[in-house]
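As a basis for the values below, the full set of heavy atoms in this structure was taken, side chains included, without hydrogen atoms, waters or symmetry mates. This one's a predicted model, so the numbers in the text were calculated from it and none came from an experiment.
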Amino acid sequence: MTLSSIIEDVTGEERTLTIYDASDPEAVRAVENHFIVQRVSVEESTAPDGPDDFAVLHDDGEFLAAADLETLRRAVSFEAGLLDATDLAEVPTPEVLKHVGNTTFTSYGKRRMILASREIEECAWRAGGGELHSGFQKLSLFRHQWELYERVADRGVSIHAYGVPDWSPPDVPWLTVHASDDEEIRRSWFVGFDSPDDRDCALLAEECEPNEFEGFWTYDEGIVGDVLGHLRATYA
């Protein structure tokens, strides 16, 4: 098993997001652009007896989640306020986005990868325990995220950091460093959370072009277990 083989084995579940009675075409386009590289089709419809500017995610007709369009637009537009936030409690994640997994993507840039990572990191912050395993490709990139991870660790979460050893993080009790020059560590971006309350989640992707990634995120405990199991067995 490798990280690449796990990505190959995960098949995205195709789902539909229906936006009802949208009044803002720009908001619709923002949502469409977000999902264009995922197996989620975006449709528009009308609902005379329902609210305007409302989005519903469904799988073969089965309701999964809903959100008002403006909340969803803000979450997918990568506004500076979201990306720069260090208080994870302030990062809004609509239920629609939480239910789009196992979601595969074919072309995520760095900004989308950051936002997807924040979702996993927020889960760890809210859980207040468990283990968070993060691959930074190079450990020097961890330095720029130090304050955020320190805040997660303050909640009782154990942090495992993986990357090429081009920087030595401080020796602190909440951190375990897995320094490696292996190719999959250099090419992979991952954030996996082993939750204390069975709410495991993970993001795993490979860099296919400079700052362009292919992979998936998931809330499936079995798939998360495969990712973390491989990391523990290979880089212990």
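- The shortest distance between side-chain heavy atoms of Glu44 and Thr18 does not fall below 4.5 Å.
- In terms of heavy atoms, Ile120 sits closest to Ala202 at CD1-N, 3.9 Å.
- A salt bridge is absent between Asp197 and Arg126; no separation between the charged side-chain nitrogens and carboxylate oxygens falls under 4.0 Å.
- Cluster annotation: Leu17 is not connected to Tyr20 through the hydrophobic network of ILVMFWY side chains, with a link wherever side-chain heavy atoms come within less than 4.5 Å.
- A ring-ring contact (aromatic ring centres under 6.0 Å, His included) with Phe136 is found for one member of Trp167, Tyr149, Tyr162 and no other, namely Tyr149.
- Of all heavy-atom pairs between Ala116 and Leu203, the closest is CB-CD2, 4.0 Å.
- A 4.5 Å side-chain heavy-atom check between Trp189 and Ile114 finds at least one atom pair inside the cut-off.
- For the pair Phe193/Trp125, no side-chain contact is recorded, criterion being any heavy-atom separation below 4.5 Å from C-beta on.
- Taking the side chain as every heavy atom from C-beta outward, Ile7 and Phe216 approach each other to under 4.5 Å.
- Atoms CZ and CZ, on Arg15 and Phe35 in that order, are 11.0 Å from each other to the nearest 0.5 Å.
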Notebook entry, point to check: Step by step, would you call Asp53 with Ser23 a side-chain hydrogen bond (donor to acceptor under 3.5 Å, both in side chains)?
Noted result: CA-CA 6 Å; Asp53 297 310; Ser23 61; 2.8 Å; yes
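- A donor-acceptor pair under 3.5 Å links the side-chain atoms of Asp200 to the main chain of Ser195, judged by distance alone.
- Side-chain contact check for Ile223 versus Val10: some heavy-atom pair is nearer than 4.5 Å.
- The same ILVMFWY cluster, assembled from side-chain heavy atoms under 4.5 Å apart, contains both Leu175 and Val157.
- Of the possible polar contacts, one joining the Thr234 side chain to the His230 backbone as a donor-acceptor pair under 3.5 Å is found.
- Atom CZ in Arg74 sits 10.5 Å away from atom CG in Asp68 (nearest 0.5 Å).
- The two residues Val28 and Ala22 have their closest heavy-atom pair at CG2-CB, 3.5 Å.
- A 4.5 Å side-chain heavy-atom check between Val56 and Phe63 finds at least one atom pair inside the cut-off.
- Within the 4.5 Å cutoff, the side chain of Tyr235 has heavy atoms near those of the Ile185 side chain.
- Shortest non-hydrogen contact noted between Ser117 and Val191 is OG-CG2, 3.7 Å.
- Between Arg112 and Glu212 there is no salt bridge, since no side-chain nitrogen of the basic residue lies less than 4.0 Å from a carboxylate oxygen of the acidic one.
- Of all the heavy atoms in Pro51 and Asp21, the pair that sits closest is O-OD2, 4.3 Å.
- Expressed to the nearest 0.5 Å, how far OG of Ser168 lies from CZ of Arg143 amounts to 10.0 Å.
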Item checked: side-chain hydrogen bond (donor to acceptor under 3.5 Å, both in side chains) assessment of Gln145 paired with Glu121 -> CA-CA 11 Å; Gln145 304 296 323; Glu121 293 155 357; over 6 Å; no
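- Closest heavy-atom contact between Leu139 and Pro169: CD1-CD, 4.5 Å.
- For residues 164-189, every residue pair satisfying the salt bridge (Lys or Arg N to Asp or Glu O under 4.0 Å) rule, not counting sequence neighbours, is listed here: Arg187-Glu206.
- A continuous path of ILVMFWY side-chain contacts below 4.5 Å connects Leu141 to Val152, so both sit in one hydrophobic cluster.
- Note that OG1 of Thr16 is 8.0 Å distant from CG of Leu57, once rounded to the nearest 0.5 Å.
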Next item on the list: Evaluate salt bridge (Lys or Arg N to Asp or Glu O under 4.0 Å) for Asp194 paired with Arg232, printing each intermediate quantity in order.
Entry: CA-CA 12 Å; Asp194 186 356; Arg232 288 164 174 154; 2.8 Å; yes
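- Counting heavy atoms from C-beta on, the side chains of Leu69 and Phe54 never come closer than 4.5 Å.
- With hydrogens and angles ignored, the 3.5 Å screen pairs no side-chain donor or acceptor of Ser188 with any backbone N or O of Phe190.
- Taken from CG in Leu228 to CD in Glu131, the straight-line distance is 8.0 Å, to the nearest 0.5 Å.
- With respect to Arg29 and Glu32, no salt bridge is recorded, no charged nitrogen being found less than 4.0 Å from a carboxylate O.
- Taking CD1 from Ile19 and CG from Asp24, the interatomic distance works out to 10.0 Å, rounded to the nearest 0.5 Å.
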